[in-house]
Amino acid sequence: MKKRVGILTSGGDCPGLNAAIRGVAKALYERMGDQVEIYGIADGYTGLINGEYKKMERLDFSGILTRGGTILGTSRQPYKKIQVIGEDHVDKVANMIDNYKKMKLDCLLTLGGNGTHKTANLLSQNGLNVIGLPKTIDNDLYGTDVTFGFHTAVDIGTEVIDRLHTTAASHSRVMVVEIMGNKAGWLSLYTGVAGGADIILLPELPFSYEKIAQAVMKRVENGHVFSIVVVAEGAFSKSEEKMKRKERLAARGCPTVTPQVVRYITEQTGIETRSMTPGHYLRGGSPSAYDRVLATQFGVYAAKCIADGIYGVTVAESGGRIIHNKLSDIAGKAKPVPADHQLVQVAKSLGIAFCN
Ligand code: F6P
């Protein structure tokens with residue numbers, strides 16, 4: 001019996017999505033030959049809601065291992081609103097189920113992060129055969145040690161810090177670099193350690209402004225006038241700790257704390273301070289070798305799940321092994337950086353200040 005497999009990529013893109021899609025497809029064709037048909041769904045859940053899809057051919061999956069972004073397109077369909085019927089009167093969940101049935105799918109692969117997995121679980125609970133694959137540069141998906149896209153972003157972030165380092169040292173300046181990661185600080189922690197940052201501010205460890213100035217001045221006392229400060233996009237100060245995210249943004253008048261950090265360092269230390277935000281640059285371009293391998297492993301494992309009829313799961317890596325978790329066990333759970341994480345301890349041992 002022919003299997004019909006739908007694939008979509010949802011949420012923010014990242015390097016490795018195409019490598020994962022290719023991994024699934026090649027492994028499926030290898031196992032099942034003509035007994036499998038793959039349908040590419042456009043722009044994430046939006047395409048499933050609107051019935052936008054096409055039958056893919058083998059050649060569609062050629063030459064995409066190294067390509068950044070996603071050949072299928074992606075979009076954000078916030079989970080909070082997925083069950084809400086808006087002014088357009090579209091019942092998004094009903095449409096997705098209908099289109100799955102119209103496409104006569106045997107299963108649906110959803111490549112995404114936290115929001116994607118919540119919707120995947122919802123669809124699974126509604127009777128669809130769903131398999132998730134964990135991607136995000138934020139690395140904050142519960143149940144997997146690592147997500148693909150993360151290590152490429154670490155490489156790019158590290159290169160950014162390396163380049164800031166030389167100009168910071170030449171000008172005896174403080175350079176503040178804002179690294180993506182709204183809820184979790186994995187990317188800031190890894191790029192900070194890899195790039196030799198002096199201060200790292202994470203959303204998991206609310207910081208004190210006074211301690212930032214102290215850390216910068218301590219470096220000056222030790223003969224280093226320049227400093228590198230990594231600020232996670234979602235970092236916030238101790239005084240903002242009790243506020244909800246929206247309140248913090250409203251009180252600051254800007255989405256991140258970076259401008260305040262820059263102003264504070266300048267005022268308190270008298271050292272010229274500049275900032276830069278690589279932003280989506282961290283998410284673009286070709287996946288690293290590590291992510292190509294990881295995404296391929298995840299894709300091949302997903303193909304095995306399809307062949308074995310294992311659904312309602314998401315692929316993961318645990319202790320160096322590729323495994324699967326039940327969607328219902330992981331959906332809605334986060335994976336923040338633990339305050340006592342080994343890499344936090346390593347960073348502290350080097351004298352990197354978290355200022356918490
Ligand atoms: O991919 C996750 C992420 O990179 C977060 O770190 C960031 O806050 C968010 O995406 C921004 O994405 P966009 O601007 O594409 O919605």
Side-chain angles (χ1 to χ4, degrees), residues 8-20 42-46 68-70 72-82 110-120 132-142 144 146-161 177-192 200-205 230-236 240 244-246 248-249 252 254-259 275-288 291 294-295 298 314 330-337:
L8 62 81
T9 52
S10 171
D13 72 341
C14 75
L17 280 166
N18 291 325
D43 303 332
Y45 290 118
T46 308
T70 160
L72 299 175
T74 187
S75 65
R76 293 194 187 275
Q77 276 288 343
Y79 178 74
K80 255 189 265 174
K81 295 191 185 149
I82 206 80
T110 59
L111 283 62
N114 277 318
T116 304
H117 277 78
K118 284 193 239 177
T119 301
L133 273 91
K135 71 90 224 214
T136 163
I137 65 162
D138 294 340
N139 194 33
D140 59 349
L141 206 80
Y142 184 84
T144 185
V146 68
T147 53
F148 62 83
F150 173 63
H151 277 289
T152 306
V154 171
D155 291 347
I156 299 168
T158 303
E159 154 128 24
V160 168
I161 299 176
V177 54
E178 182 182 299
I179 295 291
M180 270 191 174
N182 222 336
K183 294 181 185 139
W186 293 106
L187 194 51
S188 295
L189 177 62
Y190 272 71
T191 52
I200 303 176
L201 306 179
L202 305 179
E204 292 87 350
L205 303 173
V230 172
V231 180
E233 182 189 3
F236 52 86
E240 296 174 309
K244 292 211 173 90
R245 190 168 163 266
K246 274 195 180 148
R248 280 202 291 271
L249 304 199
R252 283 181 201 153
C254 70
T256 74
V257 80
T258 304
S275 68
M276 79 88 70
T277 303
H280 295 81
Y281 183 84
L282 296 165
R283 254 176 36 193
S286 188
S288 63
D291 273 332
L294 182 67
F298 281 171
T314 187
I330 63 107
K333 293 183 189 163
K335 190 185 75 177
V337 176

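Just so you know, residue 1 is the first one in the sequence shown, and it goes up from there. All ligand and atom numbering here is 1-based and tracks the order in the structure.
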Practice prompt. Starting from the C-alpha separation in whole Å, work towards a yes-or-no answer on side-chain hydrogen bond (donor to acceptor under 3.5 Å, both in side chains) for S275 and T258.
Written response: CA-CA 8 Å; S275 68; T258 304; over 6 Å; no

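Contact residues of ligand 1 (protein heavy atom closer than 4.0 angstrom to a ligand atom; sorted by chain and number): R76, I137, D138, M180, G181, N182, E233, H280, R283.
Annotation: side chain of R245 is in contact with side chain of N182 (closest heavy-atom distance under 4.5 Å). Looking at I330 and H117, their side chains come closer than 4.5 Å, going by heavy atoms from C-beta outward. Side-chain contact between N139 and Y190 is absent, with no heavy-atom pair separated by less than 4.5 Å.
Although no hydrogens or angles enter the test, the distance criterion places no donor-acceptor pair under 3.5 Å between the side chain of D138 and the main chain of W186.
No side-chain N or O of T256 forms a donor-acceptor pair with one of E233 less than 3.5 Å apart.
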